[in-house]
Student: 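My questions all concern the structure below.
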Amino acid sequence: MESIEQMINRLCPDGVESYKLEEFSTQLSGMSAVSGKWKEVGNCQFIDYMNAYKNIRINVNDLPFATVKNRNNQTILKKGDVLFTSASETPDECALSAVIEDDILDGIFLDDHLFGIRIKEEWKDMLLPAYLKYIFRAPCFRKEVNKSVRGVTRFYISKKDFMKSSIPVPPMPIQVFIANFLDMLTTLEAELEAELDCRKRQYEYYRNKLLTFSQMGG
């Protein structure tokens with residue numbers, strides 16, 4: 001099996017080129033004139049802040065409801081969009097990303113505490129969303145993000161400066177290799193965490209059962 005180093009040497013012997021976000025994507029805005037978030041009913045559903053904050057891959061199921069004044073004046077999200085947190089109490093939590101990698105219902109909006117990017121049509125054959133979900137949380141990009149963070153007690157992203165950030169864009173076969181390999185490790189990590197949690201609960205059950213002695217009669 002060809003290694004990643006061999007693939008790079010073969011497919012891009014002169015190195016991997018980097019491109020600014022504004023070159024290959026357009027920016028997406030969150031909902032406007034919104035009320036009634038988290039109600040049981042509303043005139044729309046949306047992807048919320050914590051969904052992007054906690055995940056690198058957006059959970060498109062069981063989305064919350066909200067009400068917006070003008071449904072026709074909102075960003076409708078699509079598969080492949082990349083979402084980012086717009087503000088936080090710490091700089092390191094600004095512009096945390098998550099990718100809509102699964103099919104999503106039509107008419108889903110974006111939380112007003114998030115923003116996003118959408119890959120331009122002419123770039124869609126050159127950028128893999130599964131690759132983006134990892135590169136946007138990689139240390140090299142996080143270092144770029146820090147240049148766009150503003151604030152003192154609460155921090156936010158300068159979206160104009162953010163769009164000038166750049167990422168390496170290797171040839172598609174390399175993106176696929178990276179995404180598949182990291183997906184495998186992410187799945188393995190989740191399975192190990194689930195197994196560890198199961199063993200912990202098993203240990204606690206038997207510890208309590210074995211060390212709880214019935215009172216002897218007398």
Side-chain angles (χ1 to χ4, degrees), residues 4-5 7-31 46-47 49 51-53 55-60 74-87 91-104 106 108-150 156-183 186:
I4 185 67
E5 291 82 6
M7 291 182 71
I8 291 173
N9 289 334
R10 177 171 60 86
L11 296 173
C12 41
D14 296 326
V16 176
E17 290 192 57
S18 292
Y19 295 89
K20 293 180 180 180
L21 273 62
E22 63 185 5
E23 294 182 74
F24 63 78
S25 68
T26 56
Q27 195 170 108
L28 308 175
S29 299
M31 296 184 294
F46 68 102
I47 291 176
Y49 181 95
N51 199 338
Y53 176 83
N55 303 311
I56 61 172
R57 180 177 183 170
I58 288 291
N59 180 358
V60 298
Q74 310 293 335
T75 297
I76 296 177
L77 295 171
K78 298 179 180 180
K79 182 178 180 179
D81 290 345
V82 187
L83 313 183
F84 299 90
T85 57
S86 58
D92 291 341
E93 294 180 348
C94 290
L96 288 180
S97 66
V99 175
I100 303 177
E101 202 174 359
D102 301 306
D103 291 330
I104 186 171
D106 188 38
I108 303 300
F109 298 156
L110 181 61
D111 196 335
D112 51 349
H113 295 300
L114 298 173
F115 69 101
I117 62 170
R118 178 170 294 160
I119 306 305
K120 294 177 181 178
E121 198 64 36
E122 62 268 27
W123 278 82
K124 288 193 173 177
D125 290 335
M126 293 180 278
L127 278 167
L128 183 70
Y131 166 75
L132 294 179
K133 76 174 185 273
Y134 291 114
I135 192 63
F136 281 133
R137 290 217 179 194
C140 59
F141 184 73
R142 297 304 306 167
K143 186 176 180 180
E144 282 269 310
V145 165
N146 289 337
K147 301 174 185 177
S148 305
V149 175
R150 307 287 184 268
Y156 67 95
I157 284 289
S158 167
K159 298 182 181 69
K160 181 179 178 180
D161 291 340
F162 177 81
M163 293 299 288
K164 298 185 183 302
S165 302
S166 60
I167 62 167
V169 182
M172 185 59 75
I174 294 177
Q175 294 182 46
V176 171
F177 179 96
I178 291 171
N180 287 345
F181 186 76
L182 293 179
D183 279 348
T186 300

Student: Charged N to carboxylate O under 4.0 angstrom, K133 versus D183?
Tutor: yes
Student: Under a 3.5 Å distance rule, please check whether N51 uses its side chain to pair with a backbone N or O of N59 as donor and acceptor.
Tutor: yes
Student: Would you say Y131 and P168 make side-chain contact, with heavy atoms under 4.5 Å?
Tutor: yes
Student: Please check if the number of heavy atoms outside E121 that lie under 6.0 Å from its CD is greater than 12.
Tutor: no
Student: So, applying side chain to side chain contact (heavy atoms under 4.5 Å, CB included) with I157, which one of P91, S165, C94 is it?
Tutor: C94
Student: So which of K164, K160, K120, K159 actually passes salt bridge (charged side-chain N to carboxylate O under 4.0 Å, His left out) with E22?
Tutor: K164
Student: Side-chain contact, heavy-atom cut-off 4.5 Å: L21 with F136?
Tutor: yes
Student: Look at the side chain of Q175 and the backbone N and O of L128, then say whether any donor-acceptor pair between them is shorter than 3.5 Å.
Tutor: yes
Student: Would you confirm whether E17, through its side chain, and V169, through its main-chain N or O, come within 3.5 Å as a donor-acceptor pair?
Tutor: no
Student: Taking all heavy atoms of C140 and all of I135, pick out the closest pair and write down the distance.
Tutor: SG-CD1, 3.9 Å
Student: For the side chain of E101 and the backbone of I56, is there at least one donor-acceptor N/O pair under 3.5 Å apart?
Tutor: no
Student: With rounding to the nearest 0.5 angstrom, report the OH to CG distance, Y19 to L127.
Tutor: 9.5 Å
Student: Can a donor-acceptor pair be found, under 3.5 Å and without considering hydrogens, that links the side chain of R137 to the backbone of R142?
Tutor: no
Student: How far does CG of D81 sit from CD1 of I104, to the nearest 0.5 angstrom?
Tutor: 8.0 Å
Student: Between CD of Q74 and CZ of F46, what distance do you get to the nearest 0.5 Å?
Tutor: 12.0 Å
Student: Name the residue from K147, R150, K20 that meets the salt bridge (charged side-chain N to carboxylate O under 4.0 Å, His left out) definition with D161.
Tutor: R150
Student: Which heavy atom of G116 sits nearest a heavy atom of L110, and at what distance?
Tutor: N-CD2, 4.0 Å
Student: Working to the nearest 0.5 angstrom, can you tell me the gap between I100 CD1 and L83 CG?
Tutor: 4.5 Å
Student: Determine, step by step, whether F181 and I4 satisfy the side chain to side chain contact (heavy atoms under 4.5 Å, CB included) criterion, reporting the C-alpha distance in whole Å, the side-chain angles of both residues, the deciding distance to 0.1 Å, and the verdict.
Tutor: CA-CA 10 Å; F181 186 76; I4 185 67; over 6 Å; no
Student: Can any side-chain N or O of T75 pair as donor or acceptor with the backbone N or O of S29 at less than 3.5 Å?
Tutor: yes
Student: Quick one: closest heavy-atom pair of I174 and P170, and the distance?
Tutor: CG2-CB, 3.7 Å
Student: For atom NZ of K78, is the number of surrounding heavy atoms from other residues, nucleotides or ligands below 6.0 Å larger than 12?
Tutor: no
Student: Which atom names give the shortest non-hydrogen contact between I76 and R118, and what distance separates them?
Tutor: O-NH2, 2.8 Å
Student: If only atom types and distance count, is the side chain of S86 paired as donor or acceptor with the main-chain N or O of H113 below 3.5 Å?
Tutor: yes
Student: Would you say the side-chain atoms of D111 pair up with the backbone N or O of Y49, donor to acceptor, closer than 3.5 Å?
Tutor: yes
Student: What's the shortest heavy-atom distance between L132 and V99, and which atoms?
Tutor: C-CG2, 4.2 Å
Student: Using modelled atom types and a 3.5 Å cut-off, is there a donor and acceptor pairing between side-chain atoms of T85 and backbone atoms of A95?
Tutor: yes
Student: Can you tell me how far the CG atom of N9 sits from the CG atom of D14, to the nearest 0.5 Å?
Tutor: 11.0 Å
Student: Aromatic rings F162 and F141: how do their planes relate, parallel, tilted or perpendicular, breaks at 30° and 60°?
Tutor: perpendicular
Student: Closest heavy-atom contact between G80 and P129?
Tutor: CA-CG, 4.0 Å
Student: When rounded to the nearest 0.5 angstrom, what is the spacing between CE in M163 and OG in S25?
Tutor: 3.5 Å
Student: Looking at L114, L77, I117, which one forms a side chain to side chain contact (heavy atoms under 4.5 Å, CB included) with L28?
Tutor: L77
